[in-house]
Amino acid sequence: MAEPQRRTGADACPGALDTHPAADGGLARVRVPGGLLRPAQLRAVAAAAADLGTPVLELTSRANLQVRGLGPGGAVELGERLAGIGLLPSPTHEKVRNIMASPLGGQRWVAGVDAALCADPALAALPGRFLITLDDGRGDVAWAGADVAALPLGDRVAILLGGADHGVRVPADQVVPAVIAAARAFLDVRDGQWRVRELGADVAVIAERLGAGPERVPRGVPAAAGPIGPVVFADGDPGFGVAVPLGRITQDQAEALAATGDVVLTPWRGAVARGGGAGLAGVGLITSPDDPGLGVTACTGRPGCAKAHADVQAAARLVRVGGRAVHWSGCDRRCGRPAGDVLDVVAAPGGGYLVGAESISAAVGEDIGQSVVEAVTRGRKQ
């Protein structure tokens with residue numbers, strides 16, 4: 001049996017009010033349950049970023065938004081603006097509203113789970129990394145490493161714990177109470193752990209409380225990319241999926257997306273817009289599954305992060321080879337790395353990169369771009 005993994009110290013995940021002091025100013029993370037943004041909300045967050053910090057919105061691997069570069073007092077005003085547009089319904093629970101959903105049809109339980117989380121004072125103690133995913137049956141988000149996930153299986157719904165099936169099955173109308181019960185049980189069982197998978201064998205205690213049975217489904221593989229191009233939502237409405245280059249939404253892109261109507265952010269640093277996608281290709285968004293920038297992600301890197309060894313965003317823009325997903329990291333913390341089969345390109349101290357298991361070194365000041373391109377290309381083919 002696996003031993004529990006105990007943490008020392010508090011979870012320091014940023015929120016919209018409790019910001020992180022980055023090298024380029026305050027970093028605020030805005031939770032967007034289910035990824036759903038109304039046009040007025042997207043426009044308002046984009047305007048807040050331009051007025052209070054850096055005029056670019058960052059998309060996270062949990063389909064949330066980040067605002068960077070906040071100055072003194074910026075977090076207070078940002079919080080007031082978010083509350084005014086319905087993105088900060090509970091100041092006490094704002095960091096625990098980590099609810100990810102299948103972008104084309106996972107919204108049916110989002111509002112209920114969000115409301116139940118915010119209504120329980122005890123659940124404000126959940127770590128900021130605790131993640132709930134609500135799948136529509138496609139399996140696109142259920143296996144993305146969530147602490148609690150709902151996966152429809154025929155006329156029942158499996159409640160996955162720590163990314164694995166422990167035999168918990170509920171009817172569809174009991175998903176919300178089951179998810180909340182799992183979150184409460186985690187708080188009862190935890191001994192400093194931030195995630196369910198860190199409980200080791202103790203995760204069985206949560207499963208028993210939820211009425212685990214003998215059924216099991218094999219562990220699935222998280223989807224490697226989100227919808228791109230014309231799609232159909234589960235309710236039959238047409239939509240159009242895009243990817244956001246390196247997960248950075250410019251002001252023009254935010255306006256183009258908002259102009260289509262409601263937008264669902266995806267954990268693959270993209271979005272699905274209602275309608276036919278008119279106007280989205282002309283603002284630099286990725287609209288084709290053949291675009292070589294698809295699947296390329298990067299952390300903030302230099303100069304925004306003091307821990308980074310390189311400007312990995314600039315490097316990632318130069319290395320454009322199609323194929324396997326690639327994540328560029330400015331240091332070995334690998335912040336923002338997507339779930340699934342991703343090739344890591346990690347900047348090393350003093351110059352050079354680690355591409356997968358291959359070390360690409362360089363003398364100080366040497367341009368090693370071509371060497372990295374070749375290593376990434378080899379890694380994509382493996």
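The structure presented is a predicted model; accordingly, all values stated were derived computationally and were not measured.
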message = Run the side-chain contact (heavy atoms from CB on, under 4.5 Å) test on Leu153 and Arg169 for me, step by step, so that the C-alpha distance in whole Å, both residues' side-chain angles and the decisive distance to 0.1 Å come before the verdict.
response = CA-CA 9 Å; Leu153 298 172; Arg169 300 290 187 273; 4.0 Å; yes
Measuring from atom [atom1] of [X] to atom [atom2] of [Y], what distance do you get when rounded to the nearest 0.5 angstrom?
| X | Y | atom1 | atom2 | value |
| --- | --- | --- | --- | --- |
| Trp328 | Leu246 | CH2 | CG | 10.0 Å |
| Phe240 | Thr287 | CZ | OG1 | 5.0 Å |
| Asp191 | Glu198 | CG | CD | 11.5 Å |
| Arg302 | Cys331 | CZ | SG | 11.0 Å |
| Arg29 | Arg68 | CZ | CZ | 10.0 Å |
| Thr19 | Leu78 | OG1 | CG | 9.0 Å |

Hydrophobic clustering (ILVMFWY, side-chain heavy atoms < 4.5 Å, transitive) - are [Y] and [X] grouped together?
| X | Y | result |
| --- | --- | --- |
| Ile249 | Leu82 | yes |
| Val168 | Leu187 | yes |
| Met100 | Leu36 | no |
| Trp194 | Leu160 | no |
| Val203 | Val205 | yes |

For [X] and [Y], work out which heavy atoms get closest and say how close.
| X | Y | answer |
| --- | --- | --- |
| Arg81 | Asp51 | NH1-OD2, 3.0 Å |
| Leu294 | Pro289 | CD2-O, 3.7 Å |
| Val196 | Gly162 | CG1-N, 3.6 Å |
| Ala325 | Asp341 | CB-O, 4.1 Å |
| Ser102 | Asp136 | OG-N, 3.0 Å |
| Leu151 | Ala142 | CD1-CB, 3.9 Å |

query = According to the interplanar angle, ranging from 0 to 90°, do the rings of Phe186 and Phe130 count as parallel (below 30°), tilted (30 to 60°) or perpendicular (above 60°)?
reply =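 The rings of Phe186 and Phe130 sit tilted, inter-plane angle from 30° to 60°.
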inquiry  = Within the supplied structure, the quantity of interest is the number of heavy atoms (other residues, nucleotides, ligands) at a distance under 6.0 Å from Arg156 CZ; does it exceed 12?
reply    =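 Result for CZ/Arg156: enclosed.
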query = With a 4.0 Å cut-off, would you call Asp147 and Arg195 a salt bridge?
reply =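 Between Arg195 and Asp147 there is a salt bridge, with a charged N closer than 4.0 Å to a carboxylate O.
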ask   = Salt-bridged, Asp202 to Arg190, with N to O below 4.0 Å?
value =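 Looking at Arg190 together with Asp202, the answer is no, because their closest N to O distance does not fall below 4.0 Å.
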task = Determine, for Phe233 and Arg274, whether the Lys NZ or Arg CZ falls below 6.0 Å from the six-membered ring centre while staying within 45 degrees of the axis.
result =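 Judged by the rule, Arg274 and Phe233 form a cation-pi pair.
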Does [Y] offer a backbone N or O that forms a donor-acceptor pair with the side chain of [X] under 3.5 Å?
| X | Y | result |
| --- | --- | --- |
| Ser329 | Asp332 | no |
| Gln41 | Leu87 | no |
| Arg269 | Arg248 | no |
| Glu94 | Ala16 | yes |
| Gln174 | Val170 | no |
| Arg31 | Lys95 | yes |
| Asp135 | Asp140 | yes |
| Thr60 | Arg62 | yes |
| Asn64 | Val32 | yes |
| Asp252 | Val283 | no |

Taking C-beta and beyond as the side chain, do [X] and [Y] meet within less than 4.5 Å on heavy atoms?
| X | Y | value |
| --- | --- | --- |
| Val189 | Leu199 | yes |
| Arg334 | Cys299 | no |
| Leu265 | Leu65 | yes |
| Arg337 | Val342 | yes |
| Gln107 | Pro33 | no |
| Pro303 | Asp24 | no |
| Leu17 | Leu88 | yes |
| Asp188 | Arg209 | yes |

task = For a side chain to side chain contact (heavy atoms under 4.5 Å, CB included) with Asp291, tell me which candidate from Leu285, Ile228, Val242, Ile286 qualifies.
result =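 Exactly one option meets the side chain to side chain contact (heavy atoms under 4.5 Å, CB included) with Asp291, and it is Ile286.
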task = Run the numbers on Val45 and Leu57 for side-chain contact (heavy atoms from CB on, under 4.5 Å), then give the verdict.
result = CA-CA 8 Å; Val45 179; Leu57 293 173; 3.6 Å; yes
message = Walk me through whether Val272 and Leu104 qualify under side-chain contact (heavy atoms from CB on, under 4.5 Å).
response = CA-CA 8 Å; Val272 183; Leu104 297 182; 3.9 Å; yes
Review item, side-chain donor-acceptor pairs of residues 108-122, under 3.5 Å, at least two apart:
from, atom 1, to, atom 2, distance (Å)
Trp109, NE1, Ala172, O, 3.2
Asp114, OD1, Arg97, NE, 2.8
Asp114, OD2, Arg97, NH2, 2.8
Asp120, OD1, Ala122, N, 3.0
Asp120, OD2, Arg184, NE, 2.7
Asp120, OD2, Arg184, NH2, 3.0

message = Using the rule given for salt bridge (charged side-chain N to carboxylate O under 4.0 Å, His left out), can you reason through Arg216 versus Asp165, listing the C-alpha separation, both sets of side-chain angles and the distance that settles it, and then say yes or no?
response = CA-CA 6 Å; Arg216 298 289 188 277; Asp165 185 8; 5.3 Å; no
ask   = Going through the distances and angles, do His327 and Ser61 end up as a side-chain contact (heavy atoms from CB on, under 4.5 Å)?
value = CA-CA 11 Å; His327 182 67; Ser61 59; over 6 Å; no
key: Donor-acceptor pair between Glu58 and Gln66 side chains, under 3.5 angstrom   =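 On atom types as modelled, these side chains qualify, holding a pair under 3.5 Å.
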